[in-house]
Protein chains: 2
Amino acid sequence: MSTKVYVSAQEVAEKAGVSRSAVSRTFTPGASVSAETRRRVLEAADALGYHVNELARGLMRNESGIVCLIVSDVATPYRAALLRELTLQLQNAGKVAMLINTDRSDGSVDRALRQAISYRADASIILSGLPDKSIAQLCLRSGQRLVLINRDDDQPGPLRINLDDYEAAGRVVTAFVRAGCRRLAFANSEAGTPSLMARERGFVAAARALGMDVTVERYGWTGYEAGKVLAQRLLTRSERPDAVFCATDLLACGFMDTARHQFSMSIPNQLCVAGFDDIEQASWSSYDLTTFAQPVSTIASKAVEWLSEAQPEAVSNQEQSLRLRAELVWRGSIRGG
Amino acid sequence: MSTKVYVSAQEVAEKAGVSRSAVSRTFTPGASVSAETRRRVLEAADALGYHVNELARGLMRNESGIVCLIVSDVATPYRAALLRELTLQLQNAGKVAMLINTDRSDGSVDRALRQAISYRADASIILSGLPDKSIAQLCLRSGQRLVLINRDDDQPGPLRINLDDYEAAGRVVTAFVRAGCRRLAFANSEAGTPSLMARERGFVAAARALGMDVTVERYGWTGYEAGKVLAQRLLTRSERPDAVFCATDLLACGFMDTARHQFSMSIPNQLCVAGFDDIEQASWSSYDLTTFAQPVSTIASKAVEWLSEAQPEAVSNQEQSLRLRAELVWRGSIRGG
DNA sequence: CCCGCTGTTGCAAGCGTGTGCAAATGCTGC
DNA sequence: GCAGCATTTGCACACGCTTGCAACAGCGGG
């Protein structure tokens, strides 16, 4: 049981009776090799179990084919779905995803980026963490492409992909009003993410425009538990809201559960609820939640597409900001769909 | 806006007034450098923004620090949780995770492994796909360590981490019987994964041992939708079961939802339900599902620990199979906890 | 004063690949 | 048969790093 080491291009060349360059060219798309040489090389390579050493290749080309995904809350439904789509599409584009988890807050985003740089990643896609300016700078200065998803940031250079959170929130107000709701509430977390805040502002503004006031409550961190607490708070008020827009589907799930089980309210009869993200659970019959769909697939494809374009210096002339529309998915948590 | 290229050890050496080797040694733990040299190198490196090129380092050392995670169904709650834990612990051990998604079935596991090999990954952790023998062989022959999670395979070499699915299923029978249930059913998918099948066999065997029969139904692929269909089938039978063990929490969620909303059954009064995995949704108050917890954290730490041990040739002498206990988490979906 | 020892340092040889350049080869047209 | 050209091939260098080896400095003991 000898630990068979990796086989190098040199060995393949010897076996095939050609030069090492021929081997290299065989595995380099667009290089000049005769059909015959190619055949012999491929045959020898297969027999020996040869695989191009991407490390060495990356060293030469100064581009590794690696794309870093910098992400927190991987286990969260929305993030997981986005991650799935991104990895799939990156793979399809011949790139490979390096996953960096920033859940532990010990300055790990920083260490993560540094890691990414050490592996000479061609690009980083950030779907988490505060868009720390210095970090992004570091990234760009190293010649990396950078994509920020749902992280507003005013720097030029990176591609920013965002949704129309503000406008979407307005559309929910319309839906609530059409359902005959009068006492609107917005349930948010304290995370303060730009997209969360945009939803809040959009919701409040649209309500005001119709002459309605909205109760805003914020608590904790964007998850199911926070939704429960928010329901606690909002439903024990003197004037119960009859419509709640939750900044996130997870919040909405927690909210609905306590509204039903603890306050025995009926949805959508006594309370209309809307969420955001369209996570899988939103479609489960226990929730049947009307919500906004994140166009994960489009987000991913836009990002990968942008990364694949060879545009070394066409950086700041074109608009690097993408604004996608969040489509409302009608389900049963608002009356009269 | 000049595209600042990466800075090399050479430049750092010049700036610090030392040789390139000194720089290299400064960043190599355990190498012999004087405190003074070290200080000057670090200073210069910091000023220039130097980062060791892991590609080149990996080329020399013949180990890249990369660990491949080969996974399907990333967006699934259990998988996402495991993924989270693995990336976190790998990072902690100074390794970096390369994520390979095998959702698309176009022989992508094969391509994935090949990818892993091309990047000279030190190890691969497989939590998906059929444990294709030739693939695993390929992996091992290239000197990679291999970890299989919940994928039984009888090859020596890889570390196999499994749960006591068979015995756990037996414990659920006891719980059902104690709750006074008499008509047991098992809801499974058609995926036929070893662990799923072990749960089924264990459940049936334990019931038989108590002189009870169990209705087994299998449908589709392990998800929420399949759970709904399984409920359809099992609850329209002439003799409705009064206890169902679902092979997976996701199945259980789908099952409970149609049992309640479509058959207006009350859980746990008319129907006891148990699941497996303890995904986050199991604890949501709409489900409050009694289930088995996957010890994700332990699984991850065992895997990472094993990978970090320097055991080049102590391969087949010790038992490479780990069997962890799935702990039953009592919630409200079984009477009389 | 010299010997041997310990701790640092620099040199240079690799690691496995891509690629520019020049040589070689094959082919066409006269 | 030979010039002219297009295509293929091999040589050799570069990429950024690690590490064995030898040189060297410092230092205490005899």
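Each chain gets a letter, A, B and so on, in the order the sequences are listed, and its residues count up from 1. Note: hydrogens, waters and symmetry copies are ignored here, and every other heavy atom, side chains too, is used.
- Backbone-only contact: Val52(A) has heavy atoms under 4.0 Å from sugar-phosphate atoms and none from a base.
- Across every non-hydrogen atom of Val18(A) and Val23(A), the tightest pair is CG2-CG2, 4.3 Å.
- Counting distance only, with no hydrogens placed and no angle test, the side-chain atoms of Ser8(A) and the base atoms of dC15(C) include no donor-acceptor pair under 3.5 Å.
- Ser21(A) comes within contact range of at least one nucleobase, with a heavy-atom separation under 4.0 Å.
- Both Asn53(A) and Met60(B) lie near DNA chain C, and the one whose nearest nucleotide falls closer to the 5' end is Met60(B).
- Without hydrogens or angle criteria, Asp103(B) side chain to Asp73(B) main chain gives a donor-acceptor distance under 3.5 Å.
- Nearest nucleotide to the Ser19(B) side chain, out of dT9(D), dG16(C), dG10(C): dG10(C).
- Dashed line: the shortest gap from a side-chain N or O of Thr37(B) to OP1 or OP2 of dT9(C) is under 4.0 Å.
- You'll find the ring centres of Tyr50(B) and Phe27(B) inside the 6.0 Å limit.
- Among residues two or more places apart in sequence or in another chain, the salt bridge (charged side-chain N to carboxylate O under 4.0 Å, His left out) test is passed with Arg57(A) by Glu54(A).
- The residue Tyr50(B) sits close only to the backbone: its heavy atoms come under 4.0 Å of sugar-phosphate atoms, none of a base.
- Residue Ser24(A) is in base contact, counting any heavy-atom pair closer than 4.0 Å across all strands shown.
- For the pair Ser32(B) and dT9(C), the criterion of a side-chain N or O lying under 4.0 Å from OP1 or OP2 is not met.
- Side-chain atoms of Arg120(B) stay outside donor-acceptor range of the base of dG16(C), with no qualifying N/O pair under 3.5 Å.
- The residue Val33(B) sits close only to the backbone: its heavy atoms come under 4.0 Å of sugar-phosphate atoms, none of a base.
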